[in-house]
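Fair warning: this is a prediction, and the values are worked out from it, not measured in the lab.
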Amino acid sequence: MISSVLIALAGAFCMALGSALQERDAVRAPGRSVAPAGFLVHLARRPRWLMGTAGAGAGVVLHLIALSGAPLTIIQPIGVSGLVFAIVLSALFNRRRVRPNEIVAGAAVMAGLTGLLLLFPHAAQTPQMSSGTGLALTGAIAVLGGAAYAAAHWMPPGPRVLLLATVGGAALGTTSALARVVGANAAADWTAVLTWLTPLCVAIALLGGLFQQNAYRTGHFAAAYATLLVVDPVVGAGIGALMLGEGLPATPLDQALAAGAALLAIGGTVVLALARNRNPEAGGSGGAAAAPHATEPDPASSGTRQTTTSGESR
């Protein structure tokens, strides 16, 4: 049990570190404040971003290993601790102190998300989903993503990070639900991977990755990471409950507690988004009329104290 807990902590740290490394290249990539799909191709050529991807992947593997040796009710909450690692790493990379309100907000997100993870039932039956249902589900997420992508160009960084990370989390939560269906059925019959659900899963994962990296691009890394941590499992659990027969919290008390946990997590996420802790290398507030931002000087090579175009000082 102890070894599984330590492995889960290592996995949470690896996921936070990998995401923090990805954010370093996402904010420095050329282009407008909300980048198109080619943005992912650019990032895939950056060694540090690839290292971050490998680190996040290693975190996922360690989390799965931990789940094999300890109950879900113990390991899942430990995985949420990655948010604290993310807040500390973000402050370290940007050479600033961690503010008390960030720790309090991060703790609120962790407590809320832990409550949600524990209150939703965890069914063991093999889930089923038709290709038509999967297509409708991914189509709905794609339409939502298109609308959010258009709107994000007109939004300042604080609200924009919440929008982009929410859509990214919804896409990744949908990916998790589709992957659960494919994986559970493939365990009994490997030909299950040859259905249309598999390419749909890949497509919606790429969409989620695009929105995830654009959320990091705003410079509000802690808020982006917190939003993804909350929305991804909530959407996955929602699809499981509504479409895969996995159920919702059964009693009125559990439902009320789940609603309270969700509000707590959302409140903490909003506080992180509003905090003046933005990466100084991120672009400006970026409305549609804004010109593509130029690469800012390296803070380490400048003797001056730089200020972002949104008026937030480093």
**Student:** Consider only side-chain heavy atoms of I, L, V, M, F, W and Y, link residues closer than 4.5 Å, and tell whether Leu83 and Ile103 are in one cluster.
**Tutor:** yes

**Student:** Heavy atoms only: give me the nearest Ala148-Phe211 pair and the separation to one decimal.
**Tutor:** CB-CE2, 4.2 Å

**Student:** Write down the atom of Leu172, the atom of Gly209, and the distance for their closest heavy-atom approach.
**Tutor:** CD2-N, 4.4 Å

**Student:** Only counting residues at least two apart or in another chain, list the ones meeting ring-ring contact (aromatic ring centres under 6.0 Å, His included) with Phe85.
**Tutor:** Phe13

**Student:** If you compare all heavy atoms of Ala105 against all heavy atoms of Gly268, which two are closest, and at what distance to 0.1 Å?
**Tutor:** CB-O, 3.5 Å

**Student:** With ring pair (Phe, Tyr, Trp, His ring centres under 6.0 Å) as the rule and sequence neighbours excluded, what pairs involving residues 161-200 come up?
**Tutor:** none

**Student:** Answer yes if Val202 and Leu137 sit in the same cluster of Ile, Leu, Val, Met, Phe, Trp and Tyr residues linked by side chain heavy atoms under 4.5 Å apart, and no otherwise.
**Tutor:** no

**Student:** Determine, using the 4.5 Å side-chain heavy-atom cutoff (strictly less than), whether Leu242 and Leu144 are members of one ILVMFWY cluster.
**Tutor:** yes

**Student:** Side chains of residues 38-51: which donor-acceptor pairs under 3.5 Å do they make with residues two or more places apart or in other chains?
**Tutor:**
from: Arg48; atom 1: NH2; to: Asp25; atom 2: OD1; distance (Å): 3.1
from: Trp49; atom 1: NE1; to: Gln213; atom 2: OE1; distance (Å): 3.1

**Student:** Hey, are the side chains of Val182 and Cys201 touching, using non-hydrogen atoms and a 4.5 Å cut-off?
**Tutor:** no

**Student:** Can you confirm whether Leu178 sits close enough to Thr138 that some side-chain heavy atom of one is under 4.5 Å from a side-chain heavy atom of the other?
**Tutor:** yes

**Student:** For Thr133, enumerate each residue passing the side chain to side chain contact (heavy atoms under 4.5 Å, CB included) test, keeping only those at least two apart in sequence or located in another chain.
**Tutor:** Met129, Ser130, Met243

**Student:** If I take atom CZ from residue Arg217 and atom CD from residue Gln22, how far apart are they, to the nearest 0.5 angstrom?
**Tutor:** 14.0 Å

**Student:** Which pair of heavy atoms, one from Gln128 and one from Asn185, lies closest together, and at what distance?
**Tutor:** NE2-OD1, 3.0 Å

**Student:** Can you see which heavy atom on Ala26 is nearest to which on Tyr216, and at what distance?
**Tutor:** CB-CB, 4.1 Å

**Student:** By the ring pair (Phe, Tyr, Trp, His ring centres under 6.0 Å) test, which pairs, at least two apart or in different chains, include something from residues 86-109?
**Tutor:** none

**Student:** Working to the nearest 0.5 Å, report the span between CD1 of Ile239 and OG1 of Thr175.
**Tutor:** 9.0 Å

**Student:** Does Leu135 share a hydrophobic cluster with Leu207, counting links as ILVMFWY side-chain heavy atoms below 4.5 Å and allowing steps through other members?
**Tutor:** yes

**Student:** Tell me, do Leu206 and Leu210 make a side-chain contact under 4.5 Å, heavy atoms counted?
**Tutor:** no

**Student:** Among the clusters formed by ILVMFWY side chains lying less than 4.5 Å apart, do Phe221 and Val104 turn up in the same one?
**Tutor:** no

**Student:** Testing the basics here: between Leu119 and Ala258, what is the closest heavy-atom pair and its distance to 0.1 Å?
**Tutor:** CD1-N, 3.4 Å

**Student:** To the closest 0.5 Å, what do you measure between CG (Leu200) and CD1 (Ile141)?
**Tutor:** 12.5 Å

**Student:** Sub-3.5 Å donor-acceptor pair from the side chain of Asn214 to the main-chain atoms of Ala35, do we have one?
**Tutor:** yes

**Student:** Which atom pairs, one a donor and one an acceptor, fall under 3.5 Å between side chains of residues 223-237 and the rest of the protein, sequence neighbours left out?
**Tutor:**
from: Tyr225; atom 1: OH; to: Ala16; atom 2: N; distance (Å): 3.4
from: Thr227; atom 1: OG1; to: Ala223; atom 2: O; distance (Å): 2.8
from: Asp232; atom 1: OD1; to: Gly173; atom 2: N; distance (Å): 3.4

